[in-house]
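Have a look at the structure below, then the notes.
Worth knowing before you read on, the calculation uses all heavy atoms, side chains too, and leaves out hydrogens, waters and symmetry mates. The shown structure was predicted, so the numbers you read here are calculated from the model rather than taken from an experiment. All chains are named by letter (A, B, ...) in the order of the sequence lines, taking the proteins before the strands, and each is independently numbered beginning at 1.
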2 protein chains.
Amino acid sequence: MATRRQLPPRPETAARRREILAAALEIFGAKGYKNGPLAEIAEQVGMTHAGILHHFGSKDRLLVEVLRYRDESDVEGLEDQHIPDGIELFRHLIRTAFANEARPGIVQAYAVLSAESVTDGHPGRDYFEERYRVLRAEIVEAFTVVCRDRGIDDAQLVDRAAASILAVMDGLQVQWLLDPTQVELAETSAFAIEAIALQALSPRPSPFDAE
Amino acid sequence: MATRRQLPPRPETAARRREILAAALEIFGAKGYKNGPLAEIAEQVGMTHAGILHHFGSKDRLLVEVLRYRDESDVEGLEDQHIPDGIELFRHLIRTAFANEARPGIVQAYAVLSAESVTDGHPGRDYFEERYRVLRAEIVEAFTVVCRDRGIDDAQLVDRAAASILAVMDGLQVQWLLDPTQVELAETSAFAIEAIALQALSPRPSPFDAE
DNA sequence: ACTAACTTACAATGCAGTCAGTAAGTAAGT
DNA sequence: ACTTACTTACTGACTGCATTGTAAGTTAGT
């Protein structure tokens, strides 16, 4: 049996796929993954839903590629390619919160899809599990660097602070999406990140214990 | 035109409706609202999906009643009927975080539905918008009481702290649902709430400014 | 010539909501 | 006490729509 020839994709195809991924992120963000039909994505890039399946095989695989694609293009957008470390990471997170105010679509996509991913058999679940693991680890690393400078070291505290920082950013996004007039996304994120980092770096006693 | 007679519901009906509401919360939590079929809810209470529509009229109205029902039965569960105020509210929030570790189903329902509610035309949107407004106001009130005792008063700080506390609780829930082995829901919530409250009650300078 | 990149048409499923019918309850009149 | 008139609480069958995936055919690039 002759191994059948595999032609390389045509030059425009890569760009076409990127168009589809961008449209899919928009639709999934606006309506959720399960409730965002392929036909609507297809319409936005001027083809039929069967055309999209030709490129991505199935809706599930499309979602996975959408999520990975967003990650890549986020990293591209960074001026400095390397991941910021130490105290720079915290500044980067706050800058991200400010930048996010200008792109509610992407914020909504992540908020909607991350929560949807915890539902039964959701195809995005592995992605988000891994994403949080990696992000927490990066923040833990940044804390560790800063802690070393200051001669302190409490792994448990740092783990909790890392999870809390991501949590507060995500949670504020939901509140902000529900009513942007009531929540200042960026300033509030900055406040909370500082509060949590301060408590991790030089803890004060709980104000809630019996007094 | 003769006004048509309206019989009162039968004695068992109230209990039946509550069964349906409980089943609906479970299904919506597990699969999301749009993706949670009425038939599955019906099956769990031993009737057909048409029976459910007889009681609630439409799926949208069922969702709204489910959310309101959960609120009520939460309040019932409290030993003291009145809303805790001042420092007691913070202790109550932390106790809630500990209690939540034992009821992942309800946690998941709120996490999934609140995020889904920001999507286009979602029937739960009004509920969650209001819910966050009320909860933020309660926390602001608690801060105000505590601040008064200490002779301080910064409305902006308190607003931000209130939103942040809710945000961190919600965000941690998502991370915990994705991987409970990696996040200690209750302890981390307590840590973050304390950190945020401390910074609101006696602020320290940002650790991220140029040094 | 072969294949990528589609389209059109269709199959298969899943789902909310409607409708007519039924059994059992309730109120009112006698 | 019993009947009549009406209602509640459903079921089962069906409609209509939306949606993913597939298969076969068409066009144009290489």
task = Go ahead and name the base partner of D:dT19; Watson-Crick or wobble counts if both distances stay under 3.5 Å, otherwise write none.
result =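 Its partner is C:dA12.
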Whether [X] contacts [N] is assessed here as follows: a side-chain N or O lying under 4.0 Å from the phosphate OP1 or OP2. Is that the case?
| X | N | answer |
| --- | --- | --- |
| A:H55 | C:dC6 | yes |
| A:R17 | C:dA5 | no |
| B:T13 | D:dT8 | no |
| B:T48 | D:dT11 | yes |
| B:R16 | D:dC10 | yes |

key: Whether A:F90 and B:F208 hold their rings parallel, tilted or perpendicular, with breakpoints at 30° and 60°   =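 Correct class here is parallel.
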Atom-to-atom span, [atom1] of [X] to [atom2] of [N] - whole angstrom:
| X | N | atom1 | atom2 | result |
| --- | --- | --- | --- | --- |
| B:H54 | C:dG21 | NE2 | C1' | 14 Å |
| A:I27 | D:dT20 | CD1 | P | 12 Å |
| B:N35 | C:dA16 | CG | P | 10 Å |
| B:E43 | C:dG14 | CD | P | 13 Å |
| A:K34 | D:dG21 | NZ | C1' | 13 Å |
| B:R61 | C:dG17 | CZ | C1' | 12 Å |
| B:L38 | D:dC10 | CG | P | 15 Å |
| B:H49 | C:dG14 | NE2 | P | 14 Å |

key: Rounded distance (nearest 0.5 Å) linking atom CD of A:Q108 with atom CG of A:L113   =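 Interatomic distance, A:Q108 CD to A:L113 CG, rounded to 0.5 Å: 9.5 Å.
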message = Between B:R125 and B:T119 (side chain of the first, backbone of the second, donor and acceptor by atom type, cut-off under 3.5 Å), is there such a pair?
response =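 Flag not set: sc B:R125 to bb B:T119 has no pair under 3.5 Å.
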task = Scan A:G36 against the nucleic acid and name what it touches under 4.0 Å (heavy atoms): base, sugar-phosphate only, or nothing.
result =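 Answer is sugar-phosphate: A:G36 comes under 4.0 Å of backbone atoms only.
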task = Indicate whether any N or O donor in one side chain lies under 3.5 Å from an N or O acceptor in the other, for B:Y132 and B:D170.
result =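 There is such a pair (donor and acceptor under 3.5 Å, judged by atom type) between the side chains of B:Y132 and B:D170.
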Candidates C:dG17, C:dA4, C:dT18 - which lies nearest the side chain of B:A50 =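 It is C:dT18.
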query = Do B:R160 and A:E184 meet the salt-bridge criterion of a basic N to acidic O distance under 4.0 Å?
reply =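 Yes, this pair counts.
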